Amino acid sequence: MKIVFMGTPDFAVPALQKLIDSGHQIVAVYTKEPKPAGQHLCMKYSPVYQLAEKNNLPIYTPKTFKNPEAVEAFQNLDADLGVVCAYGLILPQVILDAPKMGCWNIHASLLPRWRGAAPIQRAIEAGDIQTGITIMKMDAGIDTGDILSQEKVDITPNMTGGQLHDILSTMGADLLLQTIEAQPAPIKQPEEGIYAKKLSDEDMFLDWNMSADQVCNAIRAFAPYPGKRVYLDKIDSQNQIKIYCVEVVDISHNTKPGTAIDDKLLIACGKNAVRIQELQRSGKAKQSAHDFLNGTVVAKGTYLLGLDAIKIPKTP
RNA sequence: CGCGGGGUAGAGCAGUCCGGUAGCUUGCCAGGCUCAUAACCUGGAGGUCAUGUGGUUCAAAUCCCAUCCCCGCAA
C-alpha cells in the first residue's frame with residue numbers, strides 16, 4: 001500500500017518505524033520544517049525528519065497547505081492512505097480527500113473524550129484511571145472523525161505523562177498496523193466530546209490552592225515535560241524549581257497553600273498536603289528531595305510561589 | 001555568535017567578589033548506646049577544586065587566558 005506519513009515529534013516515531021518495517025511503501029514523509037532551536041540555536045530537525053532521512057524517504061516540510069503547489073505535490077503522490085500522527089498542521093479537506101482511502105489519525109485518547117492538542121496530559125490531570133488510543137478517519141473537525149479502532153490502557157496511580165506518552169506512542173503504532181490490516185468499518189463518533197485544552201503558560205505553574213490529590217495529578221501529568229514550576233523565595237529565573245514527583249500526605253492544617261509545613265518539603269495544599277520527592281532547579285539536573293535538602297535549607301514556613309503569585313505576561 | 005546558571009570527597013552544596021591550613025550536609029566504614037528508629041554519641045576513610053606540567057604571583061579552588069562538558073530559559 002502506498003502511504004503518506006505525516007508527523008513531527010517523538011510520539012510519531014514508532015508509528016513511522018513500524019510502517020517502514022511492515023513493508024508498506026512510504027511514498028512521502030511530511031513533517032514540520034526544521035528551525036533554529038536549542039542552546040546554540042542551531043537547526044533542529046524533528047525526530048520524524050531524522051528517521052525519514054535515515055531511511056532515505058522523500059521528505060516534505062511545507063509551512064502550510066494553503067498554496068496550490070503544496071496541495072498539488074501532495075495529490076501527485078497518488079497515495080492510497082494518509083497517516084497523521086501529531087503532525088502540527090491543520091489539514092484542509094482537499095488534502096484529507098487526496099489519498100484513495102482518506103487520512104487516518106492516531107489520537108492519544110479514547111475519543112470523544114479529550115479531543116484536541118494535549119490529550120495525554122489532560123487525562124492524567126483530570127485523574128482519569130483509563131485512557132487509550134483511537135484510530136479514526138479524519139474529517140474537517142478537530143478529532144471528530146469516524147472511529148476505526150480503539151485500545152484501552154489503565155493509568156496507574158504513579159504514572160507520569162512521560163511514561164503514558166511512551167506507552168501510547170508504541171500502542172498507537174501497533175494499533176495502526178492492525179487497523180490497516182483489518183480495515184474495520186468506521187463508526188460515527190458522538191457529537192458531544194470533551195476538549196483537551198492546549199498547554200498554556202498558566203499550565204507551567206503549580207496552583208497550590210487545589211487539593212493535594214489534584215496537585216499530585218497535575219504534577220504527574222506534566223512530568224517530565226513541560227514540568228510544573230514554582231519559585232523559591234522570589235520570582236527570578238534562578239529560583240525557579242520544577243517539581244516532578246510528590247507524595248500526597250493526609251494532614252489537616254490551617255496553613256496558607258504553598259507554605260512548607262516542616263523543613264523536609266512537606267507543602268500545604270488547598271486540602272491536605274504533598275511531600276516533594278523529586279525536583280529540578282534552574283540550571284541543575286533533576287534531583288531527589290534528599291539530595292536537594294543536603295545542600296539547601298527550606299525552613300518551615302517558607303512559601304513556594306505558585307500560580308497565584310505569578311503574573312503571567314500576556315502573549316499577544 | 002539569542003539570554004543565563006554550573007563543573008570542589010560516592011551524592012547535594014559552601015568557599016571564588018577581597019589570593020594565604022580543603023569546609024558543610026548526607027552517604028560509606030568501624031565502634032558505642034537503644035525494646036526500637038531516616039534516633040543519638042565517638043572515631044575513620046574518601047579531593048590533581050572540569051581540562052591546560054597555560055599566564056600573573058612568594059603563594060591560585062579563588063585573578064587572567066584558552067578549551068571541553070552539563071543544565072535552565074527561549075524557540
Side-chain angles (χ1 to χ4, degrees), chain A residues 7-13 30-50 59 61-64 86-90 117-118 121 158 160-162 165 197-207 218-219 221-251 260-267 273-302 304-307 309-316:
Chain A
T8 299
D10 286 322
F11 187 80
V13 165
Y30 278 72
T31 190
K32 277 236 183 146
E33 197 185 23
K35 57 186 173 184
Q39 263 129 6
H40 308 289
L41 290 189
C42 50
M43 292 304 271
K44 173 142 194 201
Y45 295 88
S46 76
V48 165
Y49 190 106
Q50 293 174 38
I59 300 170
T61 59
K63 278 186 193 147
T64 170
Y87 178 36
L89 280 187
I90 303 272
Q121 284 88 349
N158 293 319
T160 66
H165 168 282
K197 254 192 331 183
K198 203 166 99 175
L199 300 185
S200 69
D201 289 344
E202 283 193 9
D203 288 316
M204 304 296 179
F205 296 97
L206 186 59
D207 183 0
I219 287 169
F222 287 77
Y225 180 84
K228 278 282 181 189
R229 301 120 204 266
V230 297
Y231 288 100
L232 189 61
D233 295 338
K234 57 182 176 184
I235 297 175
D236 171 304
S237 64
Q238 293 314 306
N239 285 296
Q240 194 180 76
I241 294 176
K242 278 190 203 170
I243 302 176
Y244 288 117
C245 182
V246 298
E247 180 186 36
V248 174
V249 177
D250 289 330
I251 178 175
I261 297 176
D262 65 9
D263 59 358
K264 296 223 164 58
L265 291 176
L266 181 65
I267 312 297
V274 293
R275 189 177 300 284
I276 298 173
Q277 294 183 318
E278 198 174 48
L279 55 86
Q280 178 177 29
R281 268 197 285 185
S282 180
K284 300 287 185 183
K286 196 187 323 187
Q287 57 191 184
S288 68
H290 180 262
D291 285 349
F292 174 77
L293 290 173
N294 271 342
T296 307
V297 176
V298 180
K300 179 179 174 180
T302 303
L304 301 179
L305 291 84
L307 179 63
I310 293 160
K311 288 167 193 148
I312 305 294
K314 281 185 183 165
T315 45

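A, B, ... follow the sequence lines: proteins, then strands. Residue 1 opens every chain. Please read all numbers here as calculations on a predicted model, not as lab measurements.
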Chemist: Can you check the A/L199 CG to B/A74 P distance for me, whole Å?
Modeler: 13 Å

Chemist: Roughly how many Å apart are B/G23 and B/C49, using the C1' atom of each and rounding to a whole number?
Modeler: 12 Å

Chemist: Looking only at atom P, what distance separates B/G44 and B/A36, rounded to whole Å?
Modeler: 27 Å

Chemist: Who does B/C73 pair with, Watson-Crick or G-U, both distances under 3.5 Å?
Modeler: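 Check on B/C73: paired to B/G2, both distances under 3.5 Å.
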
Chemist: Looking at the angle O4'-C1'-N9-C4 for a purine or O4'-C1'-N1-C2 for a pyrimidine, is B/U48 syn or anti, with syn meaning within 90° of 0?
Modeler: syn

Chemist: Could you give the distance separating B/C29 and B/G7 at their P atoms, to the nearest angstrom?
Modeler: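 Rounded to whole Å, the distance is 29 Å.
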
Chemist: Please determine, for B/A50, whether a Watson-Crick or G-U wobble partner exists with both distances under 3.5 Å, and give it or none.
Modeler: B/U67

Chemist: B/U37 pairs with which nucleotide, Watson-Crick or G-U wobble, both distances below 3.5 Å?
Modeler: none

Chemist: Nearest-Å distance, CD1 (A/I241) to C1' (B/G5)?
Modeler: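 From A/I241 CD1 to B/G5 C1': 14 Å.
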
Chemist: Contact class for A/K44 (heavy atom, under 4.0 Å): base, sugar-phosphate, or nothing?
Modeler: nothing

Chemist: Between A/R275 (CZ) and B/A38 (P), how many Å, whole number?
Modeler: 14 Å

Chemist: Take atom C1' in B/A45 and the same atom in B/A50, then report the distance between them in whole Å.
Modeler: 24 Å

Chemist: Would you say the side chain of A/Q121 lies within less than 4.5 Å of the side chain of A/D203, judging by non-hydrogen atoms?
Modeler: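 SC-SC contact between A/D203 and A/Q121 ruled out.
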
Chemist: Measure the shortest side-chain to side-chain distance between A/Q287 and A/L279 over non-hydrogen atoms and say whether it is less than 4.5 angstrom.
Modeler: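 Result yes, sub-4.5 Å side-chain heavy-atom pair found.
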
Chemist: Rounded to the nearest Å, what distance is computed from the CD atom of residue A/Q280 to the C1' atom of nucleotide B/G6?
Modeler: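 So the two atoms are 13 Å apart, to the nearest Å.
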
Chemist: Between B/G10 and B/U51, how far apart are the two C1' atoms, rounded to whole Å?
Modeler: 22 Å

Chemist: Do any N or O atoms from the side chain of A/T8 and from the backbone of A/Y87 form a donor-acceptor pair under 3.5 angstrom?
Modeler: yes

Chemist: Side chains of A/V230 and A/L305: does their closest heavy-atom pair fall under 4.5 Å?
Modeler: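 When only atoms from C-beta onward are counted, A/L305 and A/V230 do not touch, as no gap falls below 4.5 Å.
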
Chemist: Within less than 4.0 Å of OP1 or OP2 of B/C13, is there a side-chain N or O belonging to A/Q287?
Modeler: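 Answer is yes, contact under 4.0 Å.
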
Chemist: A/N294 has a side chain; which of B/A75, B/U25, B/C13 sits nearest to it?
Modeler: B/U25

Chemist: To the side chain of A/K35, which of B/U25, B/C73, B/A75 is closest?
Modeler: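 My answer, after comparing the listed nucleotides, is B/A75.
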
Chemist: Is there a Watson-Crick or G-U wobble partner for B/A22 with both distances under 3.5 Å, and if so, which one is it?
Modeler: none

Chemist: Separation of A/Q240 atom CD from B/G6 atom P, in whole Å?
Modeler: 16 Å

Chemist: With a cut-off of less than 4.0 Å, is there a side-chain N or O of A/K242 near OP1 or OP2 of B/C73?
Modeler: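 True: A/K242 side-chain N/O within range (under 4.0 Å) of B/C73 OP1/OP2.
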
Chemist: Going by side chain to side chain contact (heavy atoms under 4.5 Å, CB included), A/Y244 matches just one of A/E278, A/K228, A/Q277. Which one?
Modeler: A/E278

Chemist: Identify, between A/H40 and A/F292, the residue whose nearest nucleotide on RNA chain B lies closer to the 5' end.
Modeler: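 Its nearest nucleotide lies further toward 5', so the answer is A/H40.
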
Chemist: Taking the side chain of A/L41 as heavy atoms from C-beta outward, which of B/U26, B/C73, B/G2 is closest to it?
Modeler: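 Nearest nucleotide to the side chain: B/G2.
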
Chemist: For A/H290 and B/G27, give me the distance from atom NE2 to atom P, rounded to whole Å.
Modeler: 5 Å

Chemist: Over all strands shown, is A/Q39 touching base, sugar-phosphate only, or nothing at heavy-atom distances under 4.0 angstrom?
Modeler: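 Result for A/Q39 = base.
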
Chemist: In whole Å, what separates the C1' atom of B/G27 from that of B/C64?
Modeler: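 Per the computed distance, 38 Å lies between those C1' atoms.
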
Chemist: When the distance from OH of A/Y225 to P of B/A75 is rounded to whole Å, what number comes out?
Modeler: 10 Å

Chemist: For B/G72, does either OP1 or OP2 sit under 4.0 Å from a side-chain N or O belonging to A/R229?
Modeler: no

Chemist: CD of A/E278 versus P of B/A11: gap in Å, rounded?
Modeler: 17 Å

Chemist: For B/A14 and B/A60, measure between their P atoms and round to the nearest Å.
Modeler: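 Approximately 24 Å lies between the P atom of B/A14 and that of B/A60.
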
Chemist: For B/C41 and B/U34, measure between their C1' atoms and round to the nearest Å.
Modeler: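 Nearest-Å result for B/C41 against B/U34 at atom C1': 12 Å.
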
Chemist: Would you say CD1 of A/I90 has more than 12 non-hydrogen atoms from neighbouring residues, nucleotides or ligands within 6.0 angstrom?
Modeler: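 Counting neighbours around CD1 of A/I90, 12 or fewer heavy atoms of other residues, nucleotides or ligands fall under 6.0 Å, so no.
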
Chemist: Is the shortest side-chain heavy-atom distance between A/M43 and A/P34 below 4.5 Å?
Modeler: yes

Chemist: Please pick, from B/U26, B/G72, B/A11, the nucleotide with the shortest atom-to-atom distance to any side-chain atom of A/D291.
Modeler: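 Side chain of A/D291 sits closest to B/A11.
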
